[in-house]
Amino acid sequence: MQTLKELEKRLKLESNLEKARIAQRFFKTGKGDYGEGDVFLGIIVPIQRKIVKEFCELKMDEIQELLDSKIHEKRLIALLILVKQYEKASKNSEENYKKEIFDFYLKNTKNINNWDLVDLSAPNIVGKYLTSKEHEILYKLAKSDNLWEKRIAILSTFTFIRQNDFNDTLKISEILLSDSHDLIHKSVGWMLREVGNRDKKVLENFLKKHYLKMPRTMLRYAIEKMEYNQRQKYLKSEV
């Protein structure tokens with residue numbers, strides 16, 4: 001079994017200073033930005049996924065150590081390992097371990113603090129765990145003061161959307177309509193677009209009720225797959 005110490009050595013070998021500089025800019029790590037203080041090693045995601053396959057048997061305390069790191073790639077690798085372990089637990093019907101991973105994830109939302117960390121993990125852990133359970137926790141997260149908990153709430157519904165269940169996506173989207181952050185506008189618009197990809201009428205009904213008060217970015221994301229003339233009607237408030 002691979003150890004955390006061996007993982008640290010591997011990360012050091014794969015580090016790339018120039019890619020790290022690019023990532024620092026791309027993920028908005030400057031003062032006052034959403035990713036302020038985030039540190040990068042410059043390891044691209046495909047390489048991180050290869051590393052995850054090699055170290056997917058790490059124990060929870062080792063995963064916690066990775067999640068507590070200021071280094072972005074360590075946190076992402078930790079989350080992708082959790083996703084792998086959740087998939088394995090699902091295949092083996094290990095319900096107790098699935099709950100342990102779910103609870104562990106929610107206790108670590110302070111460390112799931114950039115959009116890629118949320119997007120690559122929330123649907124595959126929170127969404128999948130809640131598929132056959134009550135969804136109240138998503139509404140609590142949606143009403144949080146924490147940007148990333150709100151994004152976890154809406155992204156987790158991607159799992160339900162894939163099962164043609166749109167109820168929670170629409171309700172949480174309504175909660176987040178007045179949110180001020182661009183990253184919430186994008187995530188809500190994205191999930192609404194995914195609803196529309198599966199049922200255009202459901203999306204149109206939601207938009208007719210809310211599009212006039214939706215943030216512009218949210219609306220643009222939601223209508224992105226519509227025909228040009230229909231998009232223009234929404235953007236010109238002519239629907």
Side-chain angles (χ1 to χ4, degrees), residues 34 45 79-80 83 86-87 90 98 102 105-106 109 112 114-239:
Y34 64 77
V45 172
L79 292 166
L80 293 177
V83 169
Y86 190 90
E87 289 173 354
S90 295
K98 285 165 62 177
F102 171 78
Y105 185 94
L106 291 183
T109 54
I112 307 168
N114 218 312
W115 57 264
D116 62 323
L117 304 181
V118 173
D119 297 2
L120 292 173
S121 62
N124 297 313
I125 295 177
V126 180
K128 286 187 177 178
Y129 182 78
L130 294 177
T131 295
S132 59
K133 298 174 177 63
E134 297 297 324
H135 299 167
E136 287 93 342
I137 185 61
L138 296 183
Y139 295 86
K140 181 179 178 180
L141 292 170
K143 295 173 183 177
S144 169
D145 293 329
N146 182 290
L147 164 64
W148 307 114
E149 289 188 347
K150 288 184 281 190
R151 190 164 175 116
I152 287 170
I154 189 65
L155 258 295
S156 294
T157 71
F158 202 173
T159 305
F160 312 150
I161 293 170
R162 288 168 172 151
Q163 299 165 350
N164 292 317
D165 178 0
F166 312 130
N167 186 53
D168 292 293
T169 304
L170 301 179
K171 288 182 177 179
I172 291 172
S173 294
E174 287 181 331
I175 292 172
L176 296 174
L177 277 178
S178 60
D179 195 89
S180 62
H181 204 290
D182 184 65
L183 286 177
I184 297 302
H185 302 169
K186 291 177 179 178
S187 59
V188 171
W190 172 20
M191 290 301 100
L192 290 172
R193 184 178 72 231
E194 292 296 336
V195 169
N197 286 343
R198 291 159 178 80
D199 193 322
K200 187 178 179 182
K201 193 65 178 177
V202 171
L203 173 60
E204 289 178 343
N205 288 339
F206 182 91
L207 291 176
K208 285 177 183 177
K209 184 178 179 181
H210 297 295
Y211 87 98
L212 289 173
K213 58 186 175 183
M214 289 173 70
R216 201 68 166 178
T217 298
M218 187 185 294
L219 178 61
R220 285 186 178 278
Y221 270 61
I223 65 176
E224 187 177 17
K225 295 296 180 67
M226 292 183 177
E227 293 182 358
Y228 176 81
N229 289 337
Q230 189 175 15
R231 293 201 310 272
Q232 290 304 303
K233 287 182 179 180
Y234 280 108
L235 293 173
K236 295 177 180 178
S237 303
E238 296 175 350
V239 176

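Note that the NE2 atom of H181 and the NZ atom of K186 stand 9.5 Å from one another [nearest 0.5 Å]. Atom OG of S173 and atom CG of D179 lie 11.5 Å apart (nearest 0.5 Å). Expressed to the nearest 0.5 Å, how far CG of L203 lies from CE of M191 amounts to 12.5 Å. Note that the CZ atom of F158 and the CZ atom of R162 stand 4.0 Å from one another [nearest 0.5 Å]. Once rounded to the nearest 0.5 Å, the distance linking OG of S178 with CD1 of I184 reads 11.5 Å. Remark: L80 CG to L117 CG distance equals 9.0 Å, nearest 0.5 Å.
The main-chain N or O of D116 is never found under 3.5 Å from a side-chain atom of N114 such that the two would form a donor-acceptor pair. Distance alone, capped at 3.5 Å, is enough to place a donor-acceptor pair between the R216 side chain and the L235 backbone. S144 places no side-chain N or O within 3.5 Å of a backbone atom of K140 that could act as its donor or acceptor partner. With hydrogens and angles ignored, the 3.5 Å screen pairs no side-chain donor or acceptor of Y234 with any backbone N or O of L207. Remark: side-chain polar atoms of H135 are paired, donor with acceptor, to backbone N or O of L130 under 3.5 angstrom.
K133 NZ: more than 12 foreign heavy atoms inside a 6.0 Å radius. In the displayed structure, E238 atom CD is contacted under 6.0 Å by more than 12 heavy atoms of other residues, nucleotides or ligands. Counting heavy atoms of neighbouring residues, nucleotides and ligands inside a 6.0 Å radius, atom CD of E134 does not exceed 12 of them.
The heavy-atom pair separating Y105 from S121 by the smallest distance is OH-OG, 2.7 Å. Nearest approach of I112 to W148, heavy atoms of both residues: O-CB, 3.3 Å. Shown here for N124 and K128, the closest heavy-atom pair between the two residues is O-CD, 3.6 Å. When all heavy atoms of K150 and A142 are compared, the closest pair comes out as CG-O, 3.3 Å. L170 and L192 make their closest contact through CD2-CD2, 3.9 Å (heavy atoms, listed as atom of the first residue, atom of the second, distance). The two residues P123 and L155 have their closest heavy-atom pair at CG-O, 3.3 Å.
For H210 and F206, the gap between ring centers is short of 6.0 Å.
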Could you go through I137 and Y129, starting from their C-alpha distance and side-chain angles, then the distance that decides it, and tell me whether this counts as side chain to side chain contact (heavy atoms under 4.5 Å, CB included)?
CA-CA 12 Å; I137 185 61; Y129 182 78; over 6 Å; no

Output, in order, the C-alpha distance, side-chain angles, deciding distance and verdict of side chain to side chain contact (heavy atoms under 4.5 Å, CB included) for E87 and V83.
CA-CA 6 Å; E87 289 173 354; V83 169; 3.7 Å; yes

Can N146 and T109 be said to form a side chain to side chain contact (heavy atoms under 4.5 Å, CB included), step by step?
CA-CA 9 Å; N146 182 290; T109 54; 5.6 Å; no

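For Y86, there are no ring-ring contact (aromatic ring centres under 6.0 Å, His included) partners at least two apart in sequence or on another chain.
The closest side-chain heavy-atom distance from T159 to T131 is below 4.5 Å. In this structure the side chain of L79 never reaches within 4.5 angstrom of the side chain of I125, judged on heavy atoms.
Note on K208 versus E204: no salt bridge recorded, every NZ/NE/NH1/NH2 to OD/OE distance being 4.0 Å or above.
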Identify each donor-acceptor pair in which a side-chain atom of residues 217-226 lies under 3.5 Å from a protein atom, sequence neighbours left out, and give them as a table.
from	atom 1	to	atom 2	distance (Å)
E224	OE1	R193	NH1	2.7

